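Let me begin by presenting the structure, written as structure tokens, before commenting on it.
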Amino acid sequence: QGDGPGGSMEAGARVSALWVYRSAAGPGLSVSQRSRRIKKRPKQSKRGVSGDCPAPAGPGKAEQPGAPLPGRGAAGGKLGRSRKGIREGGQLPGASGAHHRPLSAWPSPGAGSGPAQRAAKLFEWLIAPISPQQFFEQSWEKKPLLIQRHNPAYYQGFFSTATFDAILRDNDVQFGVNLDVTSYVDGTRETHNPVGRALPAVVWDFYRNGCSLRMLNPQAFSTTVWQFLSILQEQFGSMAGANTYLTPAGTQGFAPHYDDIEAFVIQLEGKKHWRVYGPRDDTEVLPQFSSCNFAQEVIGEPILETILEAGDLLYFPRGFIHQGDCLPDAHSLHITVSSYQRNSWGDLLEKLLPAALQMAVEEDVEYRQGLPIDYLEYMGVLNSDVVDSRRGAFIERVQNLIKKLVDYAPIDAAVDQKAKLFLHDCLPPVLTEHERALSIHGVPARWEDGDVRDADIPIKKGTQVRLLRQGIIRLCNEGNGVLLYYTTENSRVYHKEEPKYLEIDPEFTDGIEFLLSSYPKYVCVETLPCGTLDDKISLATFLFEKGLLITKKPLVPM
């Protein structure tokens, strides 16, 4: 075949488009020309970061304990059953929570709309009265945006100090895991986390002594925050995270710094004085990682200075230095919603280029030819100013080899690897009442009168099914089989568990691709392109049991 996913191929690139797509992958994966398989190498996963303060990683990452404040002491697979052609991987989900605003309270896109429309409507509400088009054209990744509404009730019900207090009382909130206690006094930023559970009496004593309280993963405890982020991640196609910040009047909890995420600061209670500074040089524009804490004298003058009040929103791109402090007459509660961490073209190329080079080395002898015997005599930094015709020829050869890599670039396969990472980052979807009734959660299986009742799942050839959501699954070819990654059993705590996946025999992949391409239409089970009717029913039943399919009508147990 002449054309691969990266464009037309030269005659020397003897790689079919199908093999490129199914066999290539990114860093941490090796492709064998002989076996046409992908073998996974152990790789330590990176963590995300969201919020108002630089951290070595992200949501849920414990910081090292800092100095105690005066008067406070710092205390020292594959499991499950198998069905023909389908095997489970990963672990069971964790965390649950209460304290929520009903999903129906969020802006509705109207009858018949899907998850994408709902996400777009929610984002439109978040930044109103600025339109999404205006936002993405003028502000996104470019400059800060301030929205002052003079409407304290605009975000009412999202999160509150009363919710914060109830979470402390009703849940096992751990210092350094779910909650950080911080201060910033006389240019010094400190963390004051004891060890163990964050009990209300201890937490509120810290607050009364002038410490800020940062809840690292409120979505693990607040169903409202979970709902909001779960919807919003569909708008960005990237993980949406959050931290909440409660700051006493007249104090500051964090030093000036920049983050590696797009930040939406939502003021919920009180007010806060904010200063935002532009990147200091080109290397700090859209950075991949958060900064260290800066001293005041090295950050210059702010490009934006304002006081956020309840109902206001402040957006700033990654790389913009910022700091917030409370005025003497009011406390502050805000939530920072974040997205687009490690979601740049450079991050995609980190997946793409190693796979392209590996295939080029295997397919094209030019990449395997030896370097010139004498190249060390005229190449290298020591020889960079030497005038030598051999240097020009050497550099031109390297440039040509790099250009030819485009012909081997498995772009679609690299995107699949990025999608797999995104599905691991994702919060599990929040089901509407209608979706619950049509899913496995609506099957009325129970124990009654000394026996199990209504536990059968009567999926038949005429049962109409569809995917729960389009963005909750991704097929990837890895190892000796096909893996279906999914989000419905993810934890609400970021990366608390390994990625969830099902190992699918190749003859079932067409059925799954058919379900993906048919969404949002319902299809009869008998139309799935699988081998036999039993195979069709088996595939539909298993995907339904995993919460990935819903039926057009509620199932009536036999």
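As the structure is a computational prediction, the values presented were derived from the model and not from experiment. The chain is numbered in sequence order, starting from 1.
- Trp140 places no side-chain N or O within 3.5 Å of a backbone atom of Pro132 that could act as its donor or acceptor partner.
- In summary, Asp259 and Arg318 do not engage in a salt bridge, as defined by a charged side-chain N under 4.0 Å from a carboxylate O.
- Nearest heavy-atom pair, Ile512 versus Leu475, reported as atom, atom and distance to 0.1 Å: CG2-CD1, 3.9 Å.
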**OP:** Decide side-chain contact (heavy atoms from CB on, under 4.5 Å) for Ile127 and Ile147; before the verdict, give the C-alpha distance in whole Å, the side-chain angles of both, and the deciding distance to 0.1 Å.
**Re:** CA-CA 7 Å; Ile127 64 171; Ile147 299 175; 4.2 Å; yes
**OP:** Show the numbers, then the answer: is there a side-chain contact (heavy atoms from CB on, under 4.5 Å) between Glu141 and Leu286?
**Re:** CA-CA 7 Å; Glu141 293 190 328; Leu286 303 179; 3.9 Å; yes
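- To the nearest 0.5 Å, the span separating CG on Leu423 from CD1 on Ile473 amounts to 9.0 Å.
- If you look at Phe316 and Tyr258, their ring centroids are not closer than 6.0 Å.
- Put simply, the side chain of Leu548 reaches to within 4.5 Å of the side chain of Leu502, judged on heavy atoms.
- Phe422 approaches Met239 most closely through the heavy-atom pair CE1-N, 3.5 Å.
- The line from CD1 of Ile504 to CG of Asn477 is 11.5 Å long, rounded to the nearest 0.5 Å.
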**OP:** Would you sort out whether Phe158 and Phe228 count as a ring pair (Phe, Tyr, Trp, His ring centres under 6.0 Å), showing the intermediate values?
**Re:** CA-CA 9 Å; Phe158 194 173; Phe228 181 88; 4.7 Å; yes
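- For the residue pair Gln288 / Asp347, a side-chain donor-acceptor distance below 3.5 Å is found, with atom types taken as modelled.
- Side-chain atoms of Thr541 and Ser538 include no donor-acceptor pair closer than 3.5 Å.
- Residues Gln233 and Leu427 have side chains in contact (heavy-atom distance under 4.5 Å, counting atoms from C-beta outward).
- Of the candidates Val523, Thr551, Ile537, Thr551 is the only one forming a side chain to side chain contact (heavy atoms under 4.5 Å, CB included) with Thr463.
- Without hydrogens or angle criteria, His257 side chain to Ala255 main chain gives a donor-acceptor distance under 3.5 Å.
- Taking CZ of Arg492 as the reference point, atom CG of Leu229 lies at 10.5 Å (rounded to 0.5 Å).
- Here the options are Thr191, Asn193, Asn243, the test is side chain to side chain donor-acceptor pair (under 3.5 Å), and the partner is Asp180; only Asn193 passes.
- At a cut-off of 3.5 Å, with distance as the only test, a side-chain donor of Gln323 or Tyr277 sits close to an acceptor on the other residue.
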Subject >> Derivation and outcome, ring pair (Phe, Tyr, Trp, His ring centres under 6.0 Å), residues Phe159 and Phe221 >> reply: CA-CA 11 Å; Phe159 196 88; Phe221 306 107; 9.7 Å; no
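- Rounded to the nearest 0.5 Å, atoms CG (Leu268) and OG (Ser160) are 8.5 Å apart.
- By the 6.0 Å contact criterion, CG on Asp281 is enclosed, its count of non-hydrogen atoms from other residues, nucleotides or ligands being greater than 12.
- Between the side chains of Ser290 and Asp260, at least one donor-acceptor pair of N or O atoms lies under 3.5 Å.
- Atom SG of Cys530 is separated from atom CZ of Phe508 by 6.0 Å, given to the nearest 0.5 angstrom.
- Ser222 places no side-chain N or O within 3.5 Å of a backbone atom of Gln219 that could act as its donor or acceptor partner.
- The two residues Pro317 and Glu262 come nearest to each other via the heavy atoms CA-OE1, 3.3 Å.
- Here the closest non-hydrogen pair linking Glu497 and Glu489 is OE1-O, 4.0 Å.
- Of the possible donor and acceptor atoms, one in the side chain of His322 sits under 3.5 Å from a partner among the backbone N and O of Phe320.
- Using a 4.5 Å heavy-atom threshold, the side chains of His495 and Asp425 count as touching.
- Between the side chain of Thr527 and the backbone N or O of Cys524 there is at least one donor-acceptor pair closer than 3.5 Å.
- Annotation: Tyr519 is not in aromatic contact with Phe514 [ring centroid separation under 6.0 Å not met].
- Counting only heavy atoms from C-beta outward, the side chains of Val337 and Ile266 approach each other to under 4.5 Å.
- In terms of modelled atom types and a separation under 3.5 Å, the side chain of Gln134 and the main chain of Ile130 share no donor-acceptor contact.
- Between Tyr408 and Glu362, the side chains place no donor N or O within less than 3.5 Å of an acceptor N or O (distance only, hydrogens not considered).
- Glu137 has no carboxylate O lying under 4.0 Å from a charged side-chain N of Lys142, or vice versa, which leaves the two without a salt bridge.
- Residues Arg342 and Glu350 form a side-chain contact, since some pair of their non-hydrogen atoms from C-beta on lies under 4.5 Å apart.
- The minimum heavy-atom distance linking Leu405 with Ala360 is given by the pair CD2-CB, 3.7 Å.
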**OP:** Determine, step by step, whether Phe294 and Arg280 satisfy the side-chain contact (heavy atoms from CB on, under 4.5 Å) criterion, reporting the C-alpha distance in whole Å, the side-chain angles of both residues, the deciding distance to 0.1 Å, and the verdict.
**Re:** CA-CA 12 Å; Phe294 293 121; Arg280 298 178 302 170; 3.3 Å; yes
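- Inter-residue side-chain proximity for Phe544 and Val443 is flagged as met; some heavy-atom pair is nearer than 4.5 Å.
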Subject >> Trace of the side-chain hydrogen bond (donor to acceptor under 3.5 Å, both in side chains) decision for Tyr485 with Glu478 >> reply: CA-CA 11 Å; Tyr485 289 89; Glu478 295 182 16; 3.2 Å; yes
**OP:** Determine, step by step, whether Tyr315 and Phe135 satisfy the ring pair (Phe, Tyr, Trp, His ring centres under 6.0 Å) criterion, reporting the C-alpha distance in whole Å, the side-chain angles of both residues, the deciding distance to 0.1 Å, and the verdict.
**Re:** CA-CA 10 Å; Tyr315 159 80; Phe135 172 77; 4.9 Å; yes
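- Taking a cutoff of 4.0 Å between a charged side-chain nitrogen and a carboxylate oxygen, Lys404 and Glu363 do not qualify as a salt bridge.
- Residues forming a side-chain contact (heavy atoms from CB on, under 4.5 Å) with Ala540 (at least two apart in sequence, or on another chain): Ile459, Val525, Leu528, Leu549.
- Here the side chain of Thr488 pairs no donor or acceptor atom with the backbone of Gly547 at under 3.5 angstrom.
- Contact record, Leu467 with Ile550: O-CG1, 4.4 Å, taken as the closest heavy-atom pair.
- Judged purely by distance below 3.5 Å, without hydrogens or angles, the side chains of Asp172 and Gln174 pair a donor atom with an acceptor atom.
- Checking side-chain atoms of Glu234 against main-chain N and O of Ile231 turns up no donor-acceptor pair under 3.5 Å.
- Looking at Val276 and Leu314, their side chains come closer than 4.5 Å, going by heavy atoms from C-beta outward.
- Val482 places none of its side-chain heavy atoms less than 4.5 Å from the side chain of Glu503.
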Original post:
Please walk me through it: do Leu543 and Leu539 pass side-chain contact (heavy atoms from CB on, under 4.5 Å)?
Top reply: CA-CA 6 Å; Leu543 294 178; Leu539 175 62; 3.8 Å; yes
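- Note on ring orientation: taking the six-membered ring where Trp is involved, the planes of Phe254 and Tyr245 are perpendicular (angle over 60°, cut-offs 30° and 60°).
- Distance CE/Met215 to CG/Asn178: 7.0 Å, rounded to 0.5 Å.
- Between the side chains of His424 and Asn490, no donor-acceptor pair is found at a separation under 3.5 Å.
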